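One structure is given below, encoded as structure tokens.
Positions are given from 1 along the sequence. These figures come from a predicted structure and were not determined experimentally.
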Amino acid sequence: MRRLIINEQYDQALTVARQQVENGAQVIDINMDEGMLDAIKAMTHFLNLIASEPDIARVPIMIDSSKWSVIEAGLKCVQGKAIVNSISMKEGEEAFIHHATLCKRYGAAIIVMAFDEKGQADTFERKTEICKRAYELLVEKLDFPPEDIIFDPNIFAIATGIEEHNNYAVDFINATRWIKENLPYAKISGGVSNVSFSFRGNDPAREAIHTVFLYHAIKAGMTMGIVNAGMMGVYDDLSPELKERVEDVVLNRREDATERMIEIASTLTAGGKKEAATLEWRGTPDAPTPVEKRLSHAMVHGITEFIVEDTEEARQKVANSGGRPIHVIEGPLMDGMNVVGDLFGQGKMFLPQVVKSARVMKQAVAHLIPFIEAEKASDEKRTGIVAKPKGKMVIATVKGDVHDIGKNIVSVVLQCNNFEVVNMGVMVPASEILAMAKAEKADIIGLSGLITPSLEEMTHIAKEMQRDPYFKGLKMPLLIGGATTSRAHTAVKIAPHYDGPIIYVADASRSVSVMQSLLTPESRDAYIAEVATDYEKARTQHANKKGTPMLSIAQARTNKAKLSFTDEHAPVKPKFIGRREIKNADLSIIAQYIDWTPFFQTWDLAGFYPAILNDDVVGDAATKLFAEAQAMLKKIIEGRWLTANGVVALLPANTVHDDDIEIYTDESRHNIAFTYYGMRQQTMKPVIDGVARPNQCLADFIAPKESGIPDYIGMFAVTAGLGIEKHVKRFEDAHDDYSSIMLKALADRLAEAFAEYMHERIRTDFWGYAANESLSKEALIKEQYQGIRPAPGYPACPDHTVKPDMFKVLQAEAIDMQLTESFAMSPGAAVSGFYFAHAESKYFSVDKIGEDQLMDMAKRRNLSKEYLERWLAPNLA
């Protein structure tokens, strides 16, 4: 459905909706939240089409979005009574009442989530408290029809092994009963599949839990539920033993209920037969499974336990029949890896599983290498012919950049598919990359980078390849990848500088097909021509792109955000002026602040935590990955594998010349530590109620110097990557890329969590401008606090060149943090930025700036235009 909507194949999307109704759907939920989609336009168009389809329009429409503007656009289209999914008090009563008023005006029923300013309700007391409060606001204050109120008191997973989760089902059932008895006419809904999440992968166990849960919840008054109809059974059909154990869990009737449920769950299969985790794949002493099949099975399932002994058995077997050690790799090992590759390509295996398979392969190959090298040396001595590797790539993170997780994942995926990869590491200069490619007789060069300055370095490397007759003559392909890269940038900014093929690789899963296309003689020319045509189209589109109309920098400054710095918005003086170090911070505390969603993105698993764990496509892989991440995180904390250091500085500051912030060394405000030169939005802003939205700059959030109001700013730098190298080396020496990548990914998450933790300390203690703040972890992740912490290189603060000034004031070297020549931070697991305290400060994107602002900044900073063009290239119109 998502693909159809994005491709504007609305007729086929209507067919999907019609099939849903024909298959028994009683409500159609429409959600157009997608990053590359104009959600308002898509929602409006699709609902208008549905309105002309009687077979679909006969059932209620549920308008589902995280954006109120999209919901309201949908409400303007729907005939009859719609259902809005959802509204809550998480943003406070004012927003809740506003949204409910509009829903009433449109005649819609509403799903009200049990969610308020403190977070999501998990206990009976919280569920009933929030629902009662919401009901009274709706019915008594707004005269909202109570029969149009549908409460969702939150169904959470039970039997997770965490004691406080044990009563979640009971709390929901009791809350349902209370709502039915105390909030007349209101209905109750819930996502039933959540309750059985801890048994994901065991459908019979989940079906039994759903059956028992619904039996009791419906008796208590539950009126609606979201559940797979194929995963509901008949209560009376459950065996007495199974029913007893499921009810013990659902109703929380005994302390060992979870253990007993796990015990019986392991005996359940769809056919009702007992199933136990065994080593059947290895056969028995009397009837062993052939070693070739054991090796292939180990590859596919990521099992390392027997890999060395099985590999040696296979080598001896091959040798006894006159074969060579390489035949073990080309035979059973590659058979297994080919299956892995096929499953990965089909979306039936996911990156964490592939990396585990690579770990098995590497350990097997490591055992065989001494035998292969000995044979190779003997053959070369006998024949005088040096074997040429086939399918070889030299890959590196470019100079100035220290990030390598994505590059390492690509390396592993390629090696899994029988490509040879020379991984040069991070911060590799162009000259070394090109020299290595020559020395290794590489077929392809791969470049990776995370920070925006890396884009310029990639362009430089393309120019150097064009200058070098070796690469120009061979037309050696150059692959481009990394978080800041894109197809458009590759086509427009890099490809024109080199006659050979330059290919943008979006993610690890694409790298294999790209390499195969480039290294297969039959497909190479056609593939390169296809890419060249596509890139020429991208360049033409870019050249013809009108873009958003822009203001002059003078006009943009006239339309700046004009904030108040008096009365309740008067700046709060920090509790101290100067810097503070936090060394060897407690990782167990920091870990509580981890936002896990980006962790899954690192592994190419799309979705938001914790919902991703219950996702129909990637849920199993995500759940296993999460469990293993938790196990390693425990080792990191208990074994003190990593050291977390941080430094903050709180200093007097005032805005000068509209866009710049003078940061002073002390309260006398005579000595300037440094000036932050801000970038201001120049795109023409929409007019709302006759007033144009402001063209923002971070300087707007600090009181102007001419106002005479003393204001303040904060800075920080934190890392959780100190000490990581020896553990990464330990894993890599053991050919365990999976654990190496896992450790780096967790270090990144801990660094971000450290930044979150320190910001909370700043708000509530060190600066104290929000001393009474009390926010849930979810609210912290959603940044529902006062103030912001923009980081150089990100949309509101895209200029990396401020980092040296920040690091000098912070004396970051004292906490073992440094900058590369491209302003990347080392260690890689690090975060730095500013603190702004004003209640109306918020994140925004500077986006494109004009030539006039570039020239103005060059003059203000006394720098050459060429220097700024290099570092601000992504923002230049």
**Message:** If you apply the rule side chain to side chain donor-acceptor pair (under 3.5 Å), what do you find for Y593 with E752, and how did you get there?
**Reply:** CA-CA 8 Å; Y593 291 77; E752 293 286 351; over 6 Å; no
**Asked** Under the ring pair (Phe, Tyr, Trp, His ring centres under 6.0 Å) criterion, do Y785 and H759 qualify, and how do the steps go?
**Response** CA-CA 10 Å; Y785 40 70; H759 195 190; 5.0 Å; yes
**Request:** Start with the C-alpha gap between M715 and I663, add the side-chain angles, then the distance that decides, and say whether side chain to side chain contact (heavy atoms under 4.5 Å, CB included) holds.
**Result:** CA-CA 10 Å; M715 286 172 280; I663 301 173; 4.3 Å; yes
**Item:** Step-by-step salt bridge (Lys or Arg N to Asp or Glu O under 4.0 Å) determination, E117 to K90
**Value:** CA-CA 4 Å; E117 303 89 339; K90 65 181 178 181; over 6 Å; no
**Pair R749-D595, salt bridge (Lys or Arg N to Asp or Glu O under 4.0 Å): steps then yes or no** = CA-CA 7 Å; R749 286 301 90 217; D595 176 4; 5.4 Å; no
**Message:** Using the rule given for side chain to side chain contact (heavy atoms under 4.5 Å, CB included), can you reason through N85 versus I63, listing the C-alpha separation, both sets of side-chain angles and the distance that settles it, and then say yes or no?
**Reply:** CA-CA 6 Å; N85 186 13; I63 303 170; over 6 Å; no
**Request:** Under the salt bridge (Lys or Arg N to Asp or Glu O under 4.0 Å) rule, what do D799 and R861 come out as? Steps first, then yes or no, please.
**Result:** CA-CA 13 Å; D799 182 7; R861 298 182 64 176; 2.9 Å; yes
**Asked** Should D852 and Q682 be marked as a side chain to side chain donor-acceptor pair (under 3.5 Å) after you check the CA-CA gap, both sets of side-chain angles, and the distance that decides it?
**Response** CA-CA 10 Å; D852 57 348; Q682 278 189 260; 3.1 Å; yes
**Message:** For T459 and E456: C-alpha separation, side-chain torsions, deciding distance, then whether side chain to side chain donor-acceptor pair (under 3.5 Å) applies.
**Reply:** CA-CA 5 Å; T459 300; E456 290 297 305; 5.0 Å; no
**Request:** Take R133 and E93 through the test salt bridge (Lys or Arg N to Asp or Glu O under 4.0 Å) and record every step on the way to the result.
**Result:** CA-CA 10 Å; R133 178 182 165 203; E93 289 187 1; 3.0 Å; yes
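Listed for the Q681 side chain is a donor-acceptor partner under 3.5 Å among the backbone atoms of Q696. With hydrogens and angles ignored, the 3.5 Å screen pairs a side-chain donor or acceptor of D116 with a backbone N or O of K118. The backbone N or O of P874 sits less than 3.5 Å from a side-chain atom of K848, completing a donor-acceptor pair. E662 places no side-chain N or O within 3.5 Å of a backbone atom of N654 that could act as its donor or acceptor partner. The backbone N or O of D658 sits nowhere less than 3.5 Å from a side-chain atom of T655 that would complete a donor-acceptor pair. D64 places no side-chain N or O within 3.5 Å of a backbone atom of I30 that could act as its donor or acceptor partner. In this structure, D711 contributes its side chain and A703 its backbone to a donor-acceptor pair below 3.5 Å. In this structure a side-chain-to-backbone donor-acceptor pair under 3.5 Å is present from N559 to R693.
Scanning all heavy atoms of the two residues, the minimum distance from Y712 to P652 falls at CD2-CA, 3.6 Å. Across V70 and A39, no two heavy atoms sit closer than the pair CG2-CB, 3.7 Å. Scanning both residues, A95 and E91, for their nearest heavy atoms gives CB-OE1, 3.9 Å. In terms of heavy atoms, I590 sits closest to A644 at CD1-CB, 3.8 Å. Shortest non-hydrogen contact noted between R580 and I582 is O-CD1, 3.9 Å. Nearest heavy atom pair, residue A751 against residue A830, reads CB-N, 3.8 Å.
Sorted by first and then second residue, the salt bridge (charged side-chain N to carboxylate O under 4.0 Å, His left out) pairs involving residues 770-783 (not counting sequence neighbours) are R763-E773, E778-K782. Pairs of residues two or more places apart, or lying in two chains, never qualify as side chain to side chain donor-acceptor pair (under 3.5 Å) while including a residue from residues 822-845. Every pair passing ring-ring contact (aromatic ring centres under 6.0 Å, His included) that includes a residue from residues 650-685 is listed here, sequence neighbours excluded: Y676-F834.
E756 is linked by a side-chain hydrogen bond (donor to acceptor under 3.5 Å, both in side chains) to R789, counting only residues two or more places apart in sequence or in another chain. Qualifying side chain to side chain contact (heavy atoms under 4.5 Å, CB included) partners for L854, counting only residues two or more places apart in sequence or in other chains: E851, K865, L868, E869, L872, L876. Every residue two or more places apart in sequence or in another chain that forms a ring pair (Phe, Tyr, Trp, His ring centres under 6.0 Å) with F823 is listed here: W871.
Using a cutoff of 4.0 Å between basic side-chain nitrogens and carboxylate oxygens, E136 and K141 are not scored as salt-bridged. Residues D700 and R680 are paired through a salt bridge, judged by an N-O separation under 4.0 Å between the basic side chain and the carboxylate. Between R860 and D660, at least one side-chain N (NZ, or NE/NH1/NH2) sits under 4.0 Å from a carboxylate O, which counts as a salt bridge.
Side-chain contact check for I494 versus H489: some heavy-atom pair is nearer than 4.5 Å. Between L750 and I594 the shortest side-chain heavy-atom distance falls below 4.5 Å. Side-chain contact between Y757 and I589 is present, with heavy atoms from C-beta onward closer than 4.5 Å. Taking 4.5 Å as the limit, every side-chain heavy atom of P804 sits out of range of all side-chain heavy atoms of T801. Between L780 and Q784 there is no side-chain heavy-atom pair separated by less than 4.5 Å. By the 4.5 Å heavy-atom criterion applied to side chains, I110 and S86 are not counted as neighbours. Taking the side chain as every heavy atom from C-beta outward, L551 and T683 never approach each other to under 4.5 Å. When side chains are defined from C-beta on, L137 counts as touching I97, because their heavy atoms get closer than 4.5 Å.
Here the options are Y106, F144, W68, the test is ring-ring contact (aromatic ring centres under 6.0 Å, His included), and the partner is H99; only W68 passes.
Atom NZ of K859 is surrounded by 12 or fewer heavy atoms from other residues, nucleotides or ligands within 6.0 Å. Surrounding OH of Y794 are at most 12 heavy atoms belonging to other residues, nucleotides or ligands under 6.0 Å away. Counting heavy-atom neighbours within 6.0 Å of K493 NZ, excluding the residue itself, gives a total of 12 or less.
I480 contributes atom CD1, which lies 11.0 Å from atom OH of Y504 (distance to the nearest 0.5 angstrom). Distance CD/E813 to CE/M817: 11.0 Å, rounded to 0.5 Å. Taken to the nearest 0.5 Å, the CG atom of L651 stands 10.0 Å off from the CZ atom of R669. With rounding to the nearest 0.5 Å, the separation of CD1 in I815 from CD in E581 is 7.0 Å.
At a cut-off of 3.5 Å, with distance as the only test, a side-chain donor of S552 or Q555 sits close to an acceptor on the other residue. The closest side-chain donor-acceptor pair between N645 and T719, if any, does not fall under 3.5 angstrom.
Ring geometry for F600 against Y609 counts as parallel: the plane angle stays under 30°, on a 0 to 90° scale with 60° as the upper cut.
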